[in-house]
Amino acid sequence: TYNSMIDIMRSNGFEPAAKALEDRDFNAMNDFMNNMTDDQYNQMIKIMKDNGYGSMSRMMGSFNKQGMINMHKFMMRR
């Protein structure tokens, strides 16, 4: 569920992203994504895979970080 994803992100060192999701703060999430390193992006993919979000990890893995940022902006209509 949405809340378990927030908990997973929080417990794996992605507090700013978890807080942005929790608050539905799209600007903060956008800032987080724009400043995320490639290593953090790959770590997030692994965290999703290891915690039952295989379909999300596969989707994220099919994009490079910039592609995912672009898709996220499109979904937020930015």
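- At least one donor-acceptor pair under 3.5 Å links the side chain of Lys65 to the backbone N or O of Met36.
- For the residue pair Asn70/Gln66, the side-chain donor-acceptor check at 3.5 Å is satisfied.
- Residues Arg58 and Met48 form no side-chain contact, since every pair of their non-hydrogen atoms from C-beta on lies 4.5 Å or further apart.
- Looking at Asn34, its side chain does come within 3.5 Å of a backbone N or O of Asn30 through a donor-acceptor pair.
- To the nearest 0.5 Å, atoms OH (Tyr53) and CD1 (Ile47) are separated by 12.5 Å.
- In this structure, CG on Asp50 lies 8.5 Å from OG on Ser57, to the nearest 0.5 angstrom.
- Contact annotation: the side chain of Met56 approaches that of Met5 to within less than 4.5 Å [non-hydrogen atoms, C-beta and beyond].
- Between Met29 and Asp25, every side-chain heavy-atom pair lies at or beyond the 4.5 Å cut-off.
- A distance-only check finds no donor-acceptor pair linking the side chain of Tyr41 to the backbone of Met68 [under 3.5 Å].
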task = Might you work through the side-chain contact (heavy atoms from CB on, under 4.5 Å) test for Ile69 and Phe63, ending with a clear yes or no?
result = CA-CA 9 Å; Ile69 290 168; Phe63 293 97; over 6 Å; no
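- Taking each heavy atom of Met9 and Leu21 in turn, the nearest pair found is SD-CD1, 3.5 Å.
- Distance check: Thr37 OG1 to Gln43 CD gives 8.0 Å after rounding to the nearest 0.5 Å.
- A distance of 6.5 Å separates CG in Asn51 from CG in Asn12, rounded to the nearest 0.5 Å.
- Listed here is the closest heavy atom pair of Ile45 and Met60: CG1-CB, 3.7 Å.
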